Structure formats: structure tokens, C-alpha cells
Amino acid sequence: MARALYSGSFDPVTFGHIDIIKRAANIFEEVVVAVLNNKAKNPLFSVEERVNMLEETTKDLENVKITSFHGLLVDYAKEENINVIVRGLRAVTDFEYELQMAQTNHELLPEVDTMFLNTSILYSYVSSTIVREVASYHGDVSHFVPEYIAQKLYSKYDEIQKKS
Ligand code: PNS
């Protein structure tokens with residue numbers, strides 16, 4: 001069985017991401033979850049915090065490894081010797097961007113293919129952006145993220161508010 005690379009911003013990880021990680025872990029020998037380390041995206045959480053949150057929420061999955069990367073994803077895939085990239089598709093609106101990314105990655109490194117897993121219908125509307133928006137107003141995010149992540153979100157926004 002092959003190994004797979006599941007990359008993303010995970011700012012923060014949601015139930016939708018966890019669903020994809022679990023399903024990929026049932027298919028592949030190992031799933032390497034790689035957090036994009038890109039300050040230009042101005043993430044809410046540092047890469048260390050995002051890695052920690054993913055580690056905490058996937059600690060029961062033995063064949064899942066959490067890492068981070070910067071630069072091109074295909075370069076990281078080559079470094080890790082992985083030929084399959086996994087991405088979740090929530091709705092048709094994701095498709096155009098995801099297809100473009102998959103085709104670009106395949107062009108850059110032909111031995112790499114992208115496999116799409118459809119996000120469970122339960123989480124097809126959940127995005128990290130929406131979760132951050134709700135949490136920033138102290139709204140209830142318990143349907144979208146595990147309790148551990150919800151607490152990290154509320155603390156982060158409290159911290160930001162105290163600084164402003
Ligand atoms: O969770 P996201 O933000 O949709 O994930 C996007 C991600 C991290 C997979 C993508 O931006 C990425 O791979 N960035 C690294 C730079 C890269 O390889 N770009 C070329 C692919 S189009």
C-alpha cells in the first residue's frame with residue numbers, strides 16, 4: 001500500500017479535515033499530514049500551533065504523521081518519497097481550484113498524482129475561514145471543530161483582543 005501526503009493550511013483543523021485524515025488512513029499505509037508554513041498567508045495560528053492541534057486531534061491514529069513544509073508541495077513530496085497527494089472535495093465550488101492545483105503538481109512532478117476524497121456531507125459546508133469568523137465573535141464552534149481546537153480559538157481571539 002502506498003503512502004499519502006495530505007497538505008493544507010489547517011488554520012485550524014476542522015471536523016472536515018479530520019474526516020478526510022481518518023478515511024485516508026484507512027486506505028493508505030501511512031498518511032503524512034503536512035502543514036503549509038507560509039507567513040505570507042498571514043495565518044491565525046503559528047505553524048507550531050497548527051502542528052500541535054493536528055497532533056492532538058489525530059493522536060489515536062497510528063499511521064498518521066504530522067509535519068510542516070515550506071516551498072512547493074511537490075518538492076516536499078519528493079523529499080518524503082510520496083507519490084500520492086490527498087485532497088478533500090467539499091462541493092463543486094472547490095473543484096476548479098483543486099483541479100488546477102492537481103494538474104500543476106502533476107506537471108511539475110509527473111510521478112505525483114492527486115486523489116480526491118469527498119468530504120462527508122455532514123461537514124461539506126465547514127471551512128477554517130468560517131470557523132475563525134464564528135469563533136472571533138465567541139460563537140459556538142462545537143459543531144465544526146473538536147473541543148480542544150475550540151478552546152485554542154477562543155484563547156487566541158482573547159489574546160488578540162487584549163493586545164488591541
Ligand atoms: O488548505 P489549503 O490552504 O487549501 O491548502 C493549500 C495548499 C497548502 C495545499 C497549497 O497552497 C500548496 O500546496 N501550497 C504550496 C505551494 C505550492 O506547491 N504551490 C503549487 C501548487 S498550485
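The figures that follow rest on heavy atoms only: side chains count, while hydrogens, waters and symmetry mates do not. Both ligands and their constituent atoms are indexed starting at 1 by order of listing. Please read these numbers as outputs of a predicted model, since none were measured by experiment.
- Within a 4.0 Å radius of atom 16 (C) of ligand 1, the protein contributes one or more non-hydrogen atoms.
- For the pair E98 and ligand 1, the shortest N or O to N or O distance does not fall below 3.5 Å.
- Contact annotation for N105 and ligand 1: only side-chain heavy atoms (C-beta onward) come within less than 4.0 Å of the ligand.
- Using a 4.0 Å cut-off between heavy atoms, L72 contacts ligand 1 through both its backbone and its side chain.
- With respect to atom 11 (O) of ligand 1, the closest heavy atom belonging to the protein is Y97 OH, 4.0 Å.
- Taking every heavy atom of both residues into account, E133 and Y137 meet most closely at O-CD1, 3.2 Å.
- Ligand 1 places these atoms under 4.0 Å from at least one heavy atom of L36: 8 (C), 15 (C).
- Near L73, meaning under 4.0 Å from one of its heavy atoms, ligand 1 places the atoms 13 (O), 17 (C), 18 (O).
- Annotation: atom 3 (O) of ligand 1 to nearest protein heavy atom, S9 OG, 2.6 Å.
- Applying the 4.0 Å criterion to heavy atoms of M101 picks out, from ligand 1, the atoms 10 (C), 21 (C), 22 (S).
- Residues S9 and V35 have side chains not in contact (no heavy-atom distance under 4.5 Å, counting atoms from C-beta outward).
- Sparse packing is recorded around NZ of K78, with 12 or fewer heavy atoms of other residues, nucleotides or ligands lying under 6.0 Å away.
- V131 and V145 make their closest contact through CG1-CG1, 3.8 Å (heavy atoms, listed as atom of the first residue, atom of the second, distance).
- Residues P12 and M53 approach most closely at CB-CE, 4.1 Å, considering heavy atoms.
- Within the 4.5 Å cutoff, side-chain heavy atoms of Q103 are placed close to those of L99.
- Using a 4.5 Å cut-off on side-chain heavy atoms (C-beta onward), R3 and N83 make no contact.
- With ligand atoms numbered from 1 in the order given, ligand 1 contributes 15 (C), 16 (C) to contacts under 4.0 Å with heavy atoms of G71.
- Side-chain contact annotation: Y76 with S7, donor-acceptor N/O pair under 3.5 Å absent.
- Not one N or O of T104 is nearer than 3.5 Å to an N or O of ligand 1, by distance alone.
- Contact of the H17 side chain with the T14 side chain is registered, since non-hydrogen atoms from C-beta on lie closer than 4.5 Å.
- Looking at K41 against ligand 1, only its side chain comes within 4.0 Å, counting heavy atoms.
- Closest protein heavy atom to atom 4 (O) of ligand 1: R87 NH2, 3.0 Å.
- Under a 4.0 Å criterion applied to the non-hydrogen atoms of S7, ligand 1 contributes the atoms 9 (C).
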